[in-house]
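Presented below is the structure to which this report refers.
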Amino acid sequence: MTNRMSANPTGAYGPDEPLWETGRMARTFETVGVVGLGTMGAGIAEVFARSGLNVIGVEADDAALARGRGHLESSTGKVVARGRMSTQEQTALLGRISFTTSREDLAGADLVIEAIPEIMEYKRALFADLDRICKPSAVLATNTSSLSVTAIAAATSRPAQVVGMHFFNPAPVMRLVEVIGTVVIEDGLAAEVAGLARRLGKTPVTVGDRAGFVVNRLLLGYLNHACVLLESGLSSRDDIDVAMKLGLGLPMGPFTLLDLVGLDTSYEVCEVLFRESRDRRHAPAPMLRELVTAGLLGRKTGRGFYSYGEGTATVPEAGPKAAVSVAGIVGGVPEAARLLTDLDAAGFKAVVAEPSDLTPVADADVVIALSERPVIELAVRLPHPERLVGLHLVGDQVAEVASTVLTSDEAAGAVRDLVTVLGRTSVRCGDRAEFVVNALLYPYLNDAIRMLDSGYASAGDIDTAMRLGCGYPAGPFEMLDVIGLERVRDGLRALYAEYREPSFAPAPLLDQLVTAGVSGIRAYAR
Ligand code: CAA
């Protein structure tokens, strides 16, 4: 796929006039200030210093400063331990960073970026202070995840020189920087900051000032939805994480990622998204509030959804075991025939039935109903409804094993064992539309289509942002073209019918593309 950034370095939004048309000299960024040296700030300082810039790291007090220095030493230490950097390079990198508790030391910086907590009053107070301290030509940048850059800029006397520069966690590794321009930004500044991001080895995507920008708008809806599904009892934390990681090839499952991002940050981003969108799916899940209130913020506090002892998350427990003499398979060809062949090769006796006539599987020890939709309707037509289990194969590695309200633990355990024998990882879940993976994936794809349709960002920029910001193997439009628009549309309809969640209804653009017989959304959106 073409990377639109190479054709249009500032993306879909923002003044992009070459500087010679703006009548001013291009800025040089050699000394940068980073205010706040928590996980993100320290990562950002590392990125700047690695690219040869001088960095002034600022923290509120000596203890926070020592913690920030510690983050930098341990992060670069890991790179040295992997043999990717020499100790001399590490020393030189750290030598380019000065540490201070005095903001006044930022007076000579060419650019100052803040990475303090996501609270508007704190940010506005800081920017007012930076405006007083920094030289007139300095650019003030915010790493806010979702707050209004315009509102932050308005706290200064130089709103035209305020920009969003949004890095992703872990900043030294994730390759995306969202550059956020406002309606008052100086001509050419977004392009200059995008150029700076490129100098740091990052890929910039430039967008306008909307809550959550591209990535968090799409990501947090999905992460919050995972919390809601967990709370609903559809599946467990570990099953959902495994399903999304192995089923879709994502680098992390949603709960592992929430712990990495920080539950406090995630909560705040959801709040901001909800305030703008009024979409119930952005309203932070009660579970998030409870964890945040309890101080369980994720990795940074040693516990969130998982507990981190020595950096390892807790291990999922094993399921029950049961023996199977005869397995029944219900499903259409070719899936049922393929499963029959696989079970046969693994030494199991299996029989197949069409959904229209379940007689051949009536006496099987377990009945596997291949489906991505609820299977309870099939179960109640069997003499032993407790023996029926839904099975949905996801990619090459995962099988969702769905228990109905009637399924016995023995039958579910037996099917999980069969799944293991077939070399797949089983994901336990309830008998709900689209089970786990598609229930989380399709609304995310729908949101991406809505974002495209709103004109906020191009399909290429959205794909780039999700691939490089979250390490996804493919962007949403690339995924849509692989899965097929009609299948996603039908899945969304099923989700809407099940949950009656208004935002699960297929986006009008998706519906229209399917109706028009358009097979690939990227071909349409180009
Ligand atoms: N500097 C340079 N490189 C570093 C580094 C550092 N400080 N730390 C790690 N790396 C490199 C490692 O050397 C390694 O490189 P190779 O693979 O080439 O050897 C690579 O980064 C991966 O490191 P690890 O092996 O330690 O870890 P991993 O393979 O388990 O991957 C991960 C970890 C990169 C975090 C991966 O799981 C991932 O991409 N997760 C998704 C993260 C994500 O979605 N982030 C965005 C969150 S949203 C956000 O941040 C925005 C917001 O506002 C809330």
Side-chain angles (χ1 to χ4, degrees), residues 225-244 246-248 253-254 316 319-320 322 324 327-332 335-336 339 350 352-358 361-362 364-395 398-420 422 424-443 487-488 490-501 504:
H225 186 195
C227 297
V228 171
L229 291 187
L230 176 63
E231 268 180 321
S232 78
L234 173 75
S235 189
S236 73
R237 173 199 68 180
D238 298 316
D239 282 288
I240 295 174
D241 262 0
V242 161
M244 300 311 283
L246 297 184
L248 288 184
V324 177
I329 304 170
V330 182
E335 291 83 7
L339 184 60
V352 176
E354 293 280 335
S356 53
D357 178 11
L358 301 181
V361 298
D365 301 314
V366 290
V367 178
I368 300 170
L370 284 166
S371 176
E372 47 194 339
R373 304 282 146 75
V375 292
I376 186 70
E377 292 89 345
L378 293 171
V380 292
R381 287 167 41 209
L382 285 170
H384 302 287
E386 72 283 1
R387 295 183 189 173
L388 185 129
V389 180
L391 190 78
H392 179 224
L393 304 179
V394 186
V398 166
E400 292 170 326
V401 178
S403 293
T404 73
V405 284
L406 299 175
T407 304
S408 67
D409 288 350
E410 290 72 25
V415 172
R416 285 205 301 278
D417 289 347
L418 289 178
V419 162
T420 309
L422 297 180
R424 285 177 180 263
T425 302
S426 62
V427 166
R428 289 170 288 185
C429 61
D431 185 35
R432 308 282 153 73
E434 303 297 332
F435 303 136
V436 175
V437 175
N438 290 346
L440 286 170
L441 176 65
Y442 290 174
R487 192 159 163 215
V488 174
D490 292 348
L492 285 163
R493 283 182 174 171
L495 282 168
Y496 178 74
E498 179 96 314
Y499 295 100
R500 305 298 161 101
E501 172 56 56
F504 288 170

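Heavy-atom basis, side chains included; hydrogens, waters and symmetry copies ignored.
- Taking E386 as the reference, nothing meets the salt bridge (charged side-chain N to carboxylate O under 4.0 Å, His left out) condition, with sequence neighbours excluded.
- The nearest pair of heavy atoms linking D239 to S426 is OD1-O, 3.7 Å.
- Taking the six-membered ring where the residue is Trp, the centroids of H225 and Y442 are separated by 6.0 Å or more.
- When the salt bridge (charged side-chain N to carboxylate O under 4.0 Å, His left out) test is applied to R432, no partner is found at least two apart in sequence or on another chain.
- Note that the CG atom of L492 and the CG atom of L441 stand 9.0 Å from one another [nearest 0.5 Å].
- Classified by interplanar angle (parallel below 30°, tilted 30° to 60°, perpendicular above 60°), the ring pair F504/Y499 is perpendicular.
- Looking at every heavy atom in both residues, F435 comes nearest to H392 through CD1-CB, 3.6 Å.
- Taking the side chain to side chain donor-acceptor pair (under 3.5 Å) definition, one finds that S371 meets it with nothing, sequence neighbours left out.
- What you find for G331 and A336 is that their closest heavy atoms are O-CB, 3.6 Å.
- H384 pairs by the ring pair (Phe, Tyr, Trp, His ring centres under 6.0 Å) definition with nothing, not counting sequence neighbours.
- In this structure the side chain of M244 reaches within 4.5 angstrom of the side chain of V437, judged on heavy atoms.
- For the side-chain contact (heavy atoms from CB on, under 4.5 Å) criterion with V361, the lone passing option out of V366, V330, I329 is V330.
- The shortest non-hydrogen separation linking A362 to L382 is CA-CD2, 4.2 Å.
- Across all their heavy atoms, D365 and R387 have their closest contact at O-CD, 3.2 Å.
- Taking V436 as the reference, L234, S235, I240, A243, E400, V427, C429, L440 meet the side-chain contact (heavy atoms from CB on, under 4.5 Å) condition, with sequence neighbours excluded.
- Annotation: salt bridge (charged side-chain N to carboxylate O under 4.0 Å, His left out) contacts of D490 (sequence neighbours excluded): none.
- Taking every heavy atom of both residues into account, V389 and A402 meet most closely at CG1-O, 3.4 Å.
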Problem set entry | L422 and L339: CA distance, side-chain angles, deciding distance, side chain to side chain contact (heavy atoms under 4.5 Å, CB included) verdict | CA-CA 9 Å; L422 297 180; L339 184 60; 3.6 Å; yes

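- Between the CG atom in D238 and the CZ atom in R428 there is a gap of 8.0 Å [rounded to 0.5 Å].
- For the side-chain contact (heavy atoms from CB on, under 4.5 Å) test, residues two or more places apart in sequence or in another chain that qualify with A399 are L391, L393, V419, R424.
- Remark: E501 engages R280 in a salt bridge (charged side-chain N to carboxylate O under 4.0 Å, His left out) (not counting sequence neighbours).
- To the nearest 0.5 Å, atom OG of residue S236 and atom CG of residue L229 are 12.0 Å apart.
- R381 is linked by a side-chain contact (heavy atoms from CB on, under 4.5 Å) to L358, L378, counting only residues two or more places apart in sequence or in another chain.
- With sequence neighbours left out, the side-chain contact (heavy atoms from CB on, under 4.5 Å) criterion links P374 to E377, D431, A433, E498.
- Partners of T407 by side chain to side chain donor-acceptor pair (under 3.5 Å), not counting sequence neighbours, listed by chain and number: T404.
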